[in-house]
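Structure first, then comments.
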Amino acid sequence: MIALTDKPIDLAELLAQVDDHGSGGVVVFLGRVRDHSRGQQVTGLEYEAYDSMALRQMQKIAEEARRRWPVRKLAIAHRLGRLALGEVSVAIAVACTHRADAFAACRFVIDTIKHAVPIWKKEFRPDGSYWVEGCQAHSVPQAARDSQTQREDTVT
């Protein structure tokens with residue numbers, strides 16, 4: 001399952017997509033709307049996407065994760081539209097035989113989504129609304145190299 005949706009993400013459905021008796025490790029990442037960003041109060045978020053390109057990029061990221069780790073099942077869902085504080089904006093579930101691979105693959109997927117998928121975020125604050133300049137969009141392989149570098153940096 002790789003999806004963009006304007007409805008709340010169904011976590012039971014996400015988990016059902018990665019159900020697999022051969023997987024000993026299932027890692028779930030939930031990105032939620034928080035009440036602050038860079039020292040400013042946030043009251044909500046809005047996401048917009050170039051849908052067809054975003055879905056293609058998310059598919060490429062899933063394929064790259066499967067190429068790098070022994071991923072048995074993987075599901076990604078990202079919200080679009082206006083979200084309130086606490087709502088889940090992105091959900092990723094990765095199932096692997098072992099937990100270490102599931103953690104690594106899930107980390108790669110969320111890090112690469114932030115860099116390579118054309119989804120834009122607007123923050124709503126008490127003093128107005130602002131589009132947030134995020135990561136520079138670039139190809140999945142570049143994001144993968146960056147993610148690998150970050151992992152290596154954190155290990156040493």
Side-chain angles (χ1 to χ4, degrees), residues 1-15 17-18 25-65 68-69 71 74-95 99-100 102-156:
M1 172 177 120
I2 294 177
L4 296 171
T5 180
D6 60 356
K7 301 196 174 13
I9 295 171
D10 183 341
L11 299 179
E13 170 66 20
L14 189 84
L15 286 173
Q17 293 292 318
V18 298
V26 176
V27 171
V28 176
F29 172 80
L30 303 177
R32 298 176 59 221
V33 179
R34 66 175 180 257
D35 66 359
H36 65 280
S37 176
R38 292 166 280 146
Q40 301 291 318
Q41 182 182 2
V42 173
T43 59
L45 294 177
E46 182 176 334
Y47 289 94
E48 290 187 9
Y50 179 1
D51 293 25
S52 60
M53 181 181 281
L55 289 168
R56 274 196 312 272
Q57 285 295 96
M58 291 162 70
Q59 185 62 46
K60 286 180 183 177
I61 293 166
E63 290 167 8
E64 182 67 17
R68 290 168 161 249
W69 292 277
V71 173
L74 188 150
I76 305 169
H78 202 297
R79 283 284 303 275
L80 299 178
R82 183 99 185 234
L83 283 73
L85 296 178
E87 285 193 272
V88 173
S89 58
V90 60
I92 299 164
V94 179
R99 70 179 179 272
F103 275 115
C106 190
R107 173 74 187 257
F108 166 80
V109 170
I110 186 59
D111 288 351
T112 311
I113 284 174
K114 299 289 252 175
H115 287 287
V117 177
I119 296 174
W120 299 277
K121 177 171 67 174
K122 182 189 284 184
E123 290 179 354
F124 293 92
R125 302 177 194 164
D127 64 344
S129 60
Y130 304 88
W131 285 103
V132 177
E133 185 174 335
C135 302
Q136 296 294 320
H138 47 75
S139 68
V140 169
Q142 178 62 46
R145 284 192 296 273
D146 292 346
S147 180
Q148 182 65 35
T149 300
Q150 289 174 343
R151 279 195 304 275
E152 290 169 355
D153 290 346
T154 58
V155 170
T156 57

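All values derive from a computational prediction rather than experimental measurement.
- Ala91 and Val88 make their closest contact through CB-CG1, 4.2 Å (heavy atoms, listed as atom of the first residue, atom of the second, distance).
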When you look at Ile92 and Ile113, which way does the side-chain contact (heavy atoms from CB on, under 4.5 Å) test go after all the steps?
CA-CA 10 Å; Ile92 299 164; Ile113 284 174; 4.0 Å; yes
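- Between atom OG1 of residue Thr112 and atom NZ of residue Lys60 there is a gap of 13.0 Å, rounded to the nearest 0.5 Å.
- To the nearest 0.5 Å, atom CZ of residue Phe124 and atom CG of residue Leu83 are 10.0 Å apart.
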Evaluate Arg38 against Val132 for side-chain contact (heavy atoms from CB on, under 4.5 Å), listing each step before the verdict.
CA-CA 11 Å; Arg38 292 166 280 146; Val132 177; 3.4 Å; yes
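- Across Leu4 and Ala49, no two heavy atoms sit closer than the pair CD1-CB, 4.4 Å.
- Under the 4.5 Å side-chain criterion, counting only non-hydrogen atoms from C-beta, Trp131 is in contact with Glu48.
- The main-chain N or O of Val42 is never found under 3.5 Å from a side-chain atom of Glu123 such that the two would form a donor-acceptor pair.
- Of the inter-residue distances, the one linking Arg82 atom CZ with Leu45 atom CG reads 9.0 Å to the nearest 0.5 angstrom.
- Nearest heavy atoms, Val109 versus Ala65: CG2-CB, 3.9 Å.
- Between Val26 and Ala95 the shortest heavy-atom distance is CG2-CB, 3.9 Å.
- Across all their heavy atoms, Arg34 and Leu85 have their closest contact at O-CD2, 3.4 Å.
- Expressed to the nearest 0.5 Å, how far CG of Leu80 lies from CG of Asp6 amounts to 7.0 Å.
- Aromatic ring orientation, Phe108 versus Trp69: tilted (interplanar angle from 30° to 60°).
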Please evaluate residues Tyr130 and Gln40 with respect to the criterion side-chain contact (heavy atoms from CB on, under 4.5 Å), reporting the C-alpha separation (whole Å), side-chain torsions for both, the decisive distance (0.1 Å), and the verdict.
CA-CA 11 Å; Tyr130 304 88; Gln40 301 291 318; over 6 Å; no
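- At a threshold of 4.5 Å between non-hydrogen side-chain atoms, the residues Arg99 and Val27 do not count as touching.
- Side chain of Ser89 to main chain of Val33: no donor-acceptor pair is present (N/O by atom type, distance under 3.5 Å, no hydrogens or angles).
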For the pair Leu11 and Leu30, evaluate side-chain contact (heavy atoms from CB on, under 4.5 Å) and give the outcome as yes or no after the intermediate values.
CA-CA 9 Å; Leu11 299 179; Leu30 303 177; 3.6 Å; yes
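- Counted within 6.0 Å of CZ on Arg32, heavy atoms from surrounding residues, nucleotides or ligands total 12 or fewer; the atom is thus considered open.
- Closest heavy-atom contact between Pro118 and Gln57: CD-CG, 4.2 Å.
- Taken to the nearest 0.5 Å, the CD atom of Gln17 stands 12.0 Å off from the CD1 atom of Ile76.
- A donor-acceptor contact shorter than 3.5 Å links the side chain of Arg79 to the backbone of Lys7.
- Lys121 contributes atom NZ, which lies 4.5 Å from atom NZ of Lys114 (distance to the nearest 0.5 angstrom).
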